[in-house]
Amino acid sequence: MIVPSVAGGPRLRRLLDSLADQTADHQVIVVDNGSAGAAVSRACEGYPSVETVRLEANAGFSRAVNLAAERAAEETLVLVNDDCICDPDFVSEIAAALDPAGDVVMAAGVMRDGRDPWLIETAGIELDRTLLGFDYLNGVPVSRLDQGVPDPVAPSGAAAGFHRASFIRMGGFDEHLFAYWEDVDLGLRLWSAGARCALASRARGTHEHSATLGSGSARKNYLMGFGRGYVLRKWGVLTNPRRAVAALARDVAVCAGQAMLDRNVEGVRGRVRGYVAARHTERYPVELPTAAADGALDSLRRRASRRARLRRSPSR
């Protein structure tokens, strides 16, 4: 298991406490990603089975995970954000969903909303035809899982399982993406290579959305925008006129919403910087995995609904 962290403290300890019984026989690597005063490393001192990798400066989520993946000795990589708390059997359930012989080398765990725990915060990633990503099943009641739902395109980096050899062979996360969108990009690369993702519906936990940077903060909007612009160019989304028009319409709506709600336009700056930083190195998917994606208007409505929930309910 890999846990990148920049903060440490009670939040990280709550996660490690929730994992204590189920990781006794597994390697646990916590990456201290340049935390102030080595706060992450100090928080791990009470957990003798936890291995800490200390970085002197914040190298970003992608770099931290890649370093830990190279260091890991087990066949399965399980990634969890430090703002999560995992239910019993989370690790075994997400690992059991993988089937490398059947090309299932990705597994998506299910994280409940920390503010409204009867709702799903993320169950992986869904994409539309412009490759705009959103948290799969966000805002849907957890009870929906009992009825059976399709698998997502890829797991969210907040709760993910990967076949380690496939992760390494594909090059891991693209380290040009400091944080956010690295899971979308890797999922697309694996999908394009013939791999698939399974929904590990019984691998559950609770996620405090954007606990590190804050929902709507200038820094998060910039990083999300950078990732979006980077993926647009890397995957050649804008090379098709119809896709380009659709992407422009969606992104104008998202950035306008950020300007009104967050009082910043860092999402625009991030998109420009990300697009400039990228190179068109991947082919737009021939078989686009959009079965789980909603239409443009419904997707924007769901994004607005999530922001409304985040603004209404204080984090617990």
Side-chain angles (χ1 to χ4, degrees), residues 1-86 90-91 94-95 109 111 155-165 167-183 185-186 205-214 217 219-220 222-224 226-227:
M1 170 165 284
I2 298 172
V3 183
S5 183
V6 296
R11 191 172 75 197
L12 176 59
R13 287 193 290 270
R14 284 195 295 269
L15 168 62
L16 295 177
D17 286 342
S18 74
L19 294 169
D21 292 338
Q22 53 184 308
T23 57
D25 298 325
H26 299 283
Q27 182 184 24
V28 181
I29 302 175
V30 175
V31 183
D32 183 343
N33 209 356
S35 66
V40 170
S41 298
R42 288 189 284 104
C44 293
E45 289 176 355
Y47 303 87
S49 63
V50 172
E51 179 182 350
T52 304
V53 177
R54 166 71 177 164
L55 303 180
E56 294 303 320
N58 188 347
F61 181 86
S62 297
R63 178 61 175 158
V65 171
N66 288 349
L67 286 171
E70 292 285 354
R71 192 184 188 100
E74 298 193 10
E75 180 181 353
T76 299
L77 299 177
V78 177
L79 313 184
V80 181
N81 279 4
D82 66 356
D83 51 6
C84 295
I85 298 176
C86 296
F90 175 86
V91 175
I94 203 167
M111 285 291 155
S156 163
F162 290 99
H163 178 236
R164 179 178 177 273
F167 182 94
I168 297 295
R169 183 168 57 250
M170 196 56 59
F173 289 140
D174 186 333
E175 294 182 10
H176 290 95
L177 296 166
F178 185 87
Y180 304 111
W181 284 82
E182 73 292 322
D183 44 11
D185 173 69
L186 177 59
T206 301
H207 184 213
E208 185 182 345
H209 183 80
S210 294
T212 300
L213 293 180
S217 68
R219 180 60 173 164
K220 180 172 181 180
Y222 173 83
L223 290 172
M224 290 287 287
F226 185 98

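Numbering of residues begins at 1 and proceeds along the displayed sequence.
Judged as a side-chain contact (heavy atoms from CB on, under 4.5 Å), and not counting sequence neighbours, Pro48 has no contacts. With sequence neighbours excluded, no residue forms a side-chain hydrogen bond (donor to acceptor under 3.5 Å, both in side chains) with Glu75. Not a single ring pair (Phe, Tyr, Trp, His ring centres under 6.0 Å) links Tyr222 to another residue, sequence neighbours left out. By the side-chain contact (heavy atoms from CB on, under 4.5 Å) test, Ala69 pairs with Ile2, Leu77, Phe167, Ile168, sequence neighbours left out. In terms of the side-chain hydrogen bond (donor to acceptor under 3.5 Å, both in side chains) criterion, Thr52 has no residue partners (sequence neighbours excluded). For Ser5, the side-chain hydrogen bond (donor to acceptor under 3.5 Å, both in side chains) partners two or more places apart in sequence, or in a different chain, are Asp82. Residues that satisfy the ring pair (Phe, Tyr, Trp, His ring centres under 6.0 Å) test with His163, not counting sequence neighbours, are absent from this structure. Judged as a salt bridge (Lys or Arg N to Asp or Glu O under 4.0 Å), and not counting sequence neighbours, the contacts of Arg63 are Glu175. The salt bridge (Lys or Arg N to Asp or Glu O under 4.0 Å) search around Glu51 returns Arg71, not counting sequence neighbours. By the side-chain contact (heavy atoms from CB on, under 4.5 Å) test, Phe178 pairs with Asn58, Arg219, Leu223, sequence neighbours left out.
A donor-acceptor distance shorter than 3.5 angstrom exists from the side chain of Asn33 to the backbone of Gly60, with no hydrogens or angles considered. Remark: the backbone N or O of Cys86 is paired with a side-chain donor or acceptor of Ser18 at under 3.5 angstrom. Using modelled atom types, one side-chain atom of Ser217 and one backbone atom of Lys220 make a donor-acceptor pair closer than 3.5 Å. The main-chain N or O of Phe173 is found under 3.5 Å from a side-chain atom of Asn66 such that the two form a donor-acceptor pair. Looking only at distances, a side-chain donor or acceptor of Arg164 sits under 3.5 Å from a matching main-chain atom of Glu70. A donor-acceptor pair under 3.5 Å is absent between the side-chain atoms of Trp181 and the main chain of Phe226, judged by distance alone.
Counting all heavy atoms, side chain and backbone alike, Ala72 lies closest to Gln27 at CA-OE1, 3.4 Å. Heavy atoms only, all atoms of each residue included: Glu182 and Ser62 are closest at CB-OG, 3.2 Å. Annotation for Ala7 and Ala39: closest pair O-CB, 3.5 Å, computed over non-hydrogen atoms. Shown here for Leu16 and Cys44, the closest heavy-atom pair between the two residues is CD1-SG, 4.1 Å.
When side chains are defined from C-beta on, His26 counts as touching Glu74, because their heavy atoms get closer than 4.5 Å. Residues Val65 and Val31 have side chains not in contact (no heavy-atom distance under 4.5 Å, counting atoms from C-beta outward). Looking only at side-chain heavy atoms (C-beta outward), Leu186 and Asp174 stay at 4.5 Å or farther from each other. Two residues are said to be in side-chain contact when any heavy atoms from C-beta on lie closer than 4.5 Å; Phe61 and Leu177 fail this criterion.
Remark: Leu67 CG to Ile29 CD1 distance equals 10.0 Å, nearest 0.5 Å. Atom CZ of Phe90 and atom SG of Cys84 lie 7.5 Å apart (nearest 0.5 Å). Annotation: the span from Leu79 atom CG to Phe162 atom CZ amounts to 6.0 Å, rounded to 0.5 Å. Separation of atoms OG1 (Thr76) and CE (Met1) is listed at 11.0 Å; rounding is to 0.5 Å. In this structure, the separation between OG1 on Thr206 and CE on Met111 is 7.5 Å, given to the nearest 0.5 Å.
Checked options Leu12, Val28, Val30, Asp17; the residue passing with Tyr47 is Asp17 (criterion: side chain to side chain contact (heavy atoms under 4.5 Å, CB included)).
Pairs passing the salt bridge (Lys or Arg N to Asp or Glu O under 4.0 Å) check and including a residue from residues 28-47, sequence neighbours excluded, read Asp32-Arg54.
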